[in-house]
Enquirer: 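Attaching a single structure in structure tokens format; questions to follow.
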Amino acid sequence: MDTNGDAEVKVVPVRHVGQWFGTAFLALIVAMLIHTIFSKLPSGGRSCHKVDGKYSCHPILTWRFGWNSIFHYFTNGLVLKGLLVTLELTAIAMIIGIVLGVLVAIMRLSHNRLLSGAAWTYTWAFRGTPVLVQILMWGNIAFLYPKLAIGIPFTHIYLVHFGANSVFSLFNAAVTALGLNEGAYFSEIVRSGLIAVDEGQTEAATSLGMTRGQTLRLVVLPQAMRVIIPPTGNEVISMLKTTSLVSVVAVVDLLGAVTNIYNQTLQIMPMLIMASLWYLIVSTILSIGQFYLERYFARGALRTPPPTPIQRLRRDLRGIASKYRTKRGVQAGVTS
Amino acid sequence: MTEPMVEAIGVHKSYAGNEVLKGVNLTVARSEVTCLIGPSGSGKSTLLRCINHLEKHNAGELRVDGELVGYELRGDKLYELNDRRICHERSQIGMVFQRFNLFQNLNVLENITVGPVNVKKVSEEQAKKFARELLERVGLEGREKNYPTQLSGGQQQRVAIARALAMEPKLMLFDEPTSALDPELVGEVLDVMKDLARSGMTMIVVTHEMGFAKEVADTVYFLDQGVIEESGDPKVVLTSPSSPRLQSFLAKVL
């Protein structure tokens, strides 16, 4: 069409036929899934109406996934209470785990053999046994130690003593078990983070006259955070789900609450789907938090931090807007 | 004040049976620049690291400013110093590394102030003021908010020098400060070091820059296989070496 000197050469992109077929197939599967998720089933009952003196009957249809009961129970008081227990368990267990993990990791790297040995043994024991077993053991700790006391070791002189069951209430037992287990895993995460920091950083800090504590606090730990944060996010999300095990010691968390409900209403699947939706909502929020935390601790390590989703959206919109503007500009140029 | 800044008498150091320093004698006078040269593995860096106790020497006497490094002589016994005292000794000796080792989590200004604020307990404001002066001195004013990764190697090394100077050390140690730099960046770092030498700082420099040694050093020590082969005025040592080892070394590097 254009025959003058700088004629434009048209570029024909490669056609990916296979990709088109694949996409079409996937779209079909997705459509089927969505259809089945929102399909209805005959409940077995019939509803009959008198029309023109004659009864006309048709079967009653209900949601296959029980959406109406999910909707009905979604913000039920018991469910929300259970959710709160789940969140509390996750938060407290993670705090215990993180504090213990950092301590144990530092002990593990200590020059003192006794400290590093103790740290190793702790990790070995708590990482090497199932968390479910640990929860059960802490729940039944009173069988081993009916009474706890503070006093002089190896004597019967006590300052204070209390029953184990009062200290290790069901919730406390569960949170102790989860926290101690998490500490063992978390110490390994922290340790790998500490090891990942270049030795030159420690040397430079030492040569400035910093003590070992200062070096750790001001230089090594902040840099280790970059390595520690991503797996920590995973650990929090993993903990959120692991807390569902506490129902074995009769703590009523989200799953416990849901179980209690379906034991009465017999709507097993809808209630389990509802619990899953809640778990998904919370883990999504946690993932968003993780993204921003990672971005914060990457400062200094990356020349330009990755854009946030909001920044990316804004950039995309700007791109579309400018494309639109140039298109209009070209047309305007043609008409004038 | 005739006492030397650094004095080493028969210093030995070995790692797991491998003897790196085999009785090194060295004297560094105040306000003098001393260059340590020699092939890699000759023990130059190890000697430097012994001086600020990053490594413990195994035998011999090592004194900085008249005080034994890492030990204290009471009566006829040597007592190992506790961590606090060793940290205090180190805080008076500045060190510049081959790989810069700037703190990656801190920006330029924080890199320079973190030592004075936390070790010398200088106030934050005072430390910042001094840091800005030092940045101007190394020609990096206006870079305070940058992180180390955003700087070139030469700029990083100049920040590292400013960081060491912020502690107001009585002695500066340089461990191959230009070896990790692109050739065109070497000059800017050497200029800062020359400037520092002119200001009267006592410096020990491990280097492969023979031009720098010839121009700036008061004394040059040639180390080979853990012993000092030859030492003296750089104009003599580097132009007409008497030991055959130094002759062949210079033939290789020049």
Side-chain angles (χ1 to χ4, degrees), chain A residues 102 105-107 109-116 189-190 192-230 232 292-307, chain B residues 45 48-49 51-55 82-108 110-121 145-151 156 159-160 163-169 171-175 180:
Chain A
V102 172
I106 293 169
M107 278 167 66
L109 295 173
S110 158
H111 294 306
N112 185 323
R113 286 277 193 79
L114 193 69
L115 284 180
S116 67
I189 294 176
V190 176
S192 65
L194 294 177
I195 291 171
V197 177
D198 182 30
E199 211 185 341
Q201 298 286 311
T202 313
E203 272 184 6
T206 310
S207 79
L208 284 176
M210 286 190 198
T211 61
R212 283 166 61 87
Q214 283 175 326
T215 304
L216 197 67
R217 184 167 54 85
L218 299 167
V219 176
V220 178
L221 262 181
Q223 291 184 55
M225 288 307 263
R226 235 190 103 231
V227 181
I228 294 172
I229 289 292
T232 304
Y292 283 97
L293 213 60
E294 272 176 37
R295 200 167 172 278
Y296 174 77
F297 280 105
R299 78 196 192 290
L302 303 172
R303 283 168 202 230
T304 43
Chain B
S45 292
L48 208 61
R49 295 160 64 85
I51 292 173
N52 76 344
H53 213 259
L54 277 180
E55 310 276 356
N82 61 23
D83 285 350
R84 183 179 290 271
R85 294 275 300 275
I86 289 174
C87 285
H88 182 71
E89 283 194 343
R90 282 201 196 106
S91 72
Q92 300 174 330
I93 303 173
M95 182 141 183
V96 174
F97 299 86
Q98 184 178 353
R99 307 250 1 123
F100 332 131
N101 297 351
L102 288 182
F103 303 131
Q104 303 292 318
N105 56 320
L106 304 177
N107 68 28
V108 165
E110 291 163 343
N111 258 285
I112 302 174
T113 56
V114 69
V117 169
N118 291 285
V119 179
K120 286 179 76 181
K121 309 293 176 197
K145 290 273 179 280
N146 284 114
Y147 281 93
T149 45
Q150 298 167 322
L151 302 178
Q156 287 192 52
V159 173
R163 174 177 68 180
L165 290 177
M167 295 296 289
E168 300 181 277
L171 167 70
M172 283 283 284
L173 308 175
F174 293 83
D175 190 0

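Chain letters run A, B, ... following the sequence lines, proteins first, then strands; residues in each count from 1.
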Enquirer: Heavy-atom distances under 4.5 Å only: say whether Leu54(B) touches chain A with side chain, backbone, both or neither.
Expert: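 For Leu54(B), the side chain is the part near chain A, not the backbone.
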
Enquirer: Asn118(B) versus chain A, heavy atoms under 4.5 Å apart: side chain, backbone, both or neither?
Expert: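 Interface part for Asn118(B): both.
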
Enquirer: Do any pairs count as a salt bridge (Lys or Arg N to Asp or Glu O under 4.0 Å) and have a residue in residues 82-92 of chain B, sequence neighbours left out, and if so which ones?
Expert: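 As it turns out, the salt bridge (Lys or Arg N to Asp or Glu O under 4.0 Å) pairs with a partner in residues 82-92 of chain B, which skip direct neighbours, are Glu72(B)-Arg85(B).
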
Enquirer: Could you tell me if the side chain of Glu203(A) sits less than 4.5 Å from the side chain of Arg49(B), heavy atoms only?
Expert: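 Result yes, sub-4.5 Å side-chain heavy-atom pair found.
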
Enquirer: Given heavy-atom pairs under 4.5 angstrom as the criterion, report whether the side chain, backbone, both or neither of Leu102(B) touches chain A.
Expert: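 The backbone, not the side chain.
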
Enquirer: Are the side chains of Ser207(A) and Phe97(B) in touch, meaning some heavy atoms are under 4.5 Å apart?
Expert: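 The answer is yes, as the side chains (C-beta and beyond) meet within the 4.5 Å cut-off.
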
Enquirer: Is there a side-chain contact between Val114(B) and Met210(A) in this structure, where contact means two heavy atoms from C-beta onward sitting under 4.5 Å apart?
Expert: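 Yes; the side chains approach each other to less than 4.5 Å.
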
Enquirer: Under the side chain to side chain donor-acceptor pair (under 3.5 Å) test, which residues partner Arg99(B), sequence neighbours left out?
Expert: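 In terms of side chain to side chain donor-acceptor pair (under 3.5 Å), with neighbours along the sequence ignored, Arg99(B) is linked to no residue.
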
Enquirer: To the nearest 0.5 Å, what is the distance between CD on Gln201(A) and CG on Asn105(B)?
Expert: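 CG of Asn105(B) is found 7.0 Å from CD of Gln201(A).
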
Enquirer: Among Ala205(A), Gly200(A), Pro222(A), which has the most heavy-atom pairs under 4.5 Å with chain B?
Expert: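 That would be Gly200(A).
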
Enquirer: Answer yes or no: is there a side-chain heavy-atom contact under 4.5 Å between Asn101(B) and Asp198(A)?
Expert: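 With C-beta onward as the side chain, the pair touches.
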
Enquirer: Which distance, rounded to the nearest 0.5 Å, do you find between the CD1 of Ile112(B) and the CG of Leu208(A)?
Expert: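 One finds 11.0 Å between CD1 of Ile112(B) and CG of Leu208(A).
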
